[in-house]
Structures are given as C-alpha cells and as structure tokens.
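Below: the structure, in structure tokens.
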2 protein chains.
Amino acid sequence: MPPRGRRTESLSKDAIVAAATEILDADGEDALTFRALAARLETGAGAIYWHVANKDELLTAAAADAIDRTLTGVDGIADPREALRAIALRVFDTVDDHPWVATHLARGLGQPGMIAVLDAVGQRVEELGVPTDRLFDTATAVLSYILGGAGQNAANARRHAQDAQAGSRAEALGQESQRWAGLDVDRYPFVRAMADSLRDHDDREQFLAGVELMLDGIGAQKR
Amino acid sequence: MPPRGRRTESLSKDAIVAAATEILDADGEDALTFRALAARLETGAGAIYWHVANKDELLTAAAADAIDRTLTGVDGIADPREALRAIALRVFDTVDDHPWVATHLARGLGQPGMIAVLDAVGQRVEELGVPTDRLFDTATAVLSYILGGAGQNAANARRHAQDAQAGSRAEALGQESQRWAGLDVDRYPFVRAMADSLRDHDDREQFLAGVELMLDGIGAQKR
DNA sequence: ACCTGAACACCGTTCAAGT
DNA sequence: ACCTGAACACCGTTCAAGT
C-alpha cells in the first residue's frame, strides 16, 4: 500500500470526464460536484482545475463523448430513410439512458459533437433528393425534431420516475392519464380526449412516428 | 417616508413572480437569486419562502406565466394551417425574447401551461383531418418540433451573443460560417457545404420552414 | 399571519504551499 | 509540472425572533 500523500496514477482530462460520466449516470446531474468527483478520483478538488477549466467545460466534454458514441455504426446503413430513423433512435436512446445529456443537446450546434449529428442527418437528407436550396432548412428541421423529441421524452421519463414514488412507470402514466381525463372539456378538449392515448402509448414508437411524419413531409415537398 | 422596518405593501406570489421575471429578462437566469429578488422587493430573503416553496416553484411559475401569455389571440385564427404557424411562431418569439423560458419548455408536459399549448396544437391538427388513431402522435410530434426548434434558436442566439463580444450578431454568424467552411471535407462534408447557407439564413424563416415541412407531412399522410 | 435577518450547509473556484 | 487542501465568495434554505 502506497504511503498517504501523492497520487500514484496521474490525473488526465479523460479520466476526469470518465469519472464525471459515472457519477452523472449513477446519481444524476445534481450529484456531480467537484468534491464528489475529487473523492472518487482520490485527489483534491483543486487538482481537477489543472485539467479542466471549469464545471461547464467538464459537462460539455462528458456530453460530447456521449454524443460521439451515439453515432457509431450509423454510417453503415445504405438506405437514407433507414439511416435517418437509426440516427434519430440513437439520439433518443442516448438521452433516455443518460438524461443529463438532454441539457447539453439543448445547446444545439454550440455543443461539441452536435456538428457530427447535423452532418449525418444532412447527408441522408441530401440522399433523399431534397433540392439544394432547401437542404439547410430541411436538415436543421429534422435535427430540431430529433433533439426536441428526445428532450421531451427525457423530461417525461424524469417526471414519471419522480411521481411514481414507489410505483411503476406505468402507474405514473396511468395517474397522468386520469388527470387528463378530468380536465375541463371546454378548456382542454383535445388533451382530455387524448387521455386513453397517453395511457397506452409507447414513447419510442411515438417518437418514431414523428420521424416518419418528417420523412413524409420531405417526400411531399419533392413533388 | 415610512420608518425603516416593516414593509408597507404586502408581498404576494404574483408580485414575487413578476419581480423574478423582470430580473430574468433584464439580467438572465444566473442573476435570479433570492437575495437579489429580496433586494428588489425590499424585503428579507426568507420572506419569499412564505409565498413560494422554493426556487424551482418560482421559476416554474414565471415560465408558466410566459407560456400562458404566448397563446393569447391564436384561437381567433380560423384556418388550421395559419393557426399552427401562429402558435409555433408565438412560442418561438417568446423563447427568443425570454431565453430563460427555454429551460422550462424542455420540461415538456410537466411544465404548467404546456398542456394549453398541446391542446391548441392538437385542435388544429384535428381540424386538418388527421385520423383519430394518429392524432396523439401527430400533435406531440408538432409540439416536439416547436419546442426543439425554439430551444435550438435560443441556444444559438445565446452563443452568438457571447461570441460576438463587441461585434454584432451578423459578425458572429459570419465567424461561425467561416469555421464551417474550414471543416474537414471528408468528415463533415454536409456541414461544410452549408457554410454559406448558415451565413445567409434567417432564424425565423428557417423555423417556419420546419413547420411547413410538418404540415406537408400531415398532408401527405392523409392520402 | 406574515416578515426579518442571521445562520447553516453547501457549492464552484482560487491559490499559496508543497513535491 | 502537477497536486493539496484550506480559504473565499457565493448560493438556496431554515428558523428563532419579532410585529
């Protein structure tokens, strides 16, 4: 056993980001503090600042890693429609598994790694035959939907996890469905009518239905 | 002049939320602290806790008010397509004017006020003739796009405002455009090719183009 | 019932001091 | 060059004490 004092293994930005990701995945965004991170890395809180400028850089780097991992493999899919579905689902699942990533997806193209997502989406949109002068608008619209849909799902999942203290996710959904069914029919006729749909829906399928809607829109605009 | 001591006008949740909104609009999300809020209200920090449970409730209430204001007037538009464009633009402009609202839009249907947005969107989607079994998926997809697009725009605006320290928004956009033009053509061919489009694009028009894409998708799915 | 303001338990960040 | 850990300037929140 080494004597108390200097660390034996040296710190690195990669090791710090990896440890931060573990904390974020295990205990959520609030649990990531420099003190907790330092404890896990068996170092002092100030040591981390030698490798990362501040907490924002740390979170940005952790999210960028997660986003980079998201896209691996999708370039092997030949059909552009299939590829777009796959890209969308990858982002969706990444956010579902790591809700803390959603915060950084909301930063849009300012978030490192997001350029790669836009490029992947844009290439497939181009392959679908969208005219050059509509490529940018179309690709960013698809990206906006993907990020919005993934973010909404993560928010709903977080909320249902909170609501259902001891119960299951299905129970929380059932409770919200009942709340919808009890809404004023004059003020919220649509949402009220959707109470059953809410109870029975599947988040992934619903998200994919939106992707399909955009693909159909792209197809319609070609005519 | 009243003697130093007890406040003359009594506090209320509404007054607190209004003051919080002023701080948020004037100086951003980080500027809202209970101490700053108490100073503006000429009271003690602890007094606020008599009226709101905590900071989250305060921010949620402020965002809910902003969202409620967003929808006033859109129910007077008869044509469902026009109404959907108007709803989308209202949300977009609200987030553009009050970037701090974006954080709470990301909470989705858990955010008070959001049910009203979903209902407004859903009613118009229904009027477009979408079949009953696709109403829920379609309405939530449109909502996801609206929230995603508005959020992305707010993030980009925030970033460009930061980047362009003394310069204009157009300068910041030009700089980012040059960065895109300098990207590796093998790794990011699409984004690189979009450099000019980025420089010349208009955020609102781009957002609306996405709304149109969804409307066209809805039209295509009816067949 | 409502407000005051000091106190508490935390945080991100800095920095003199070490090796 | 890299790390330590105490210190600083803040926060959100609580609560005994006032009116």
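Proteins come first, then strands; the chains are lettered A, B, ... in the order of their sequence lines, and each starts at number 1.
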Test item: B:Asp203 and B:Asn156 side chains (from C-beta on) under 4.5 Å apart, heavy atoms:
no

Starting at CD1 of A:Ile48 and ending at P of C:dC15, how long is that distance when rounded to a whole Å?
17 Å

Could you list all N or O pairs between the protein and nucleotides 10-14 of chain C that sit under 3.5 Å apart?
from: C:dG12; atom 1: OP1; to: A:Lys55; atom 2: NZ; distance (Å): 2.5
from: C:dG12; atom 1: OP2; to: A:Phe34; atom 2: N; distance (Å): 3.0
from: C:dG12; atom 1: N7; to: A:Arg35; atom 2: NH1; distance (Å): 2.8
from: C:dG12; atom 1: O6; to: A:Arg35; atom 2: NH2; distance (Å): 2.8
from: C:dT13; atom 1: OP2; to: A:Tyr49; atom 2: OH; distance (Å): 2.9
from: C:dT13; atom 1: OP2; to: A:Lys55; atom 2: N; distance (Å): 2.9
from: C:dT13; atom 1: O5'; to: A:Tyr49; atom 2: OH; distance (Å): 3.1

Let me check I have this right: for DNA chain C, each base becomes ., (, ), [, ] or |, based on Watson-Crick or G-U pairs with both distances under 3.5 Å. What is the full string?
||.|||||...|||||.||

Say whether B:Asp202 and B:Gln206, considering side chains only, have a donor N or O and an acceptor N or O under 3.5 Å apart.
no

Determine whether the aromatic ring centres of A:Phe136 and B:Phe190 lie less than 6.0 Å apart.
no

Flag the pair A:Tyr145 / B:Tyr145 as yes when their ring centroid distance falls below 6.0 Å, and as no otherwise.
no

Would you say C:dC2 has OP1 or OP2 under 4.0 Å from some side-chain N or O of B:Trp50?
yes

Between B:Thr60 and B:Gln111, is any pair of side-chain heavy atoms under 4.5 Å apart?
yes

If you count every heavy atom of other residues, nucleotides or ligands that lies below 6.0 Å from A:Glu29 atom CD, does the total exceed 12?
yes

May I ask you to say whether A:Glu176 pairs ionically with A:Arg199, meaning some side-chain N is under 4.0 Å from a carboxylate O?
no

Tell me whether B:Arg192 is salt-bridged to B:Asp184, with the criterion being a basic N under 4.0 Å from an acidic carboxylate O.
no

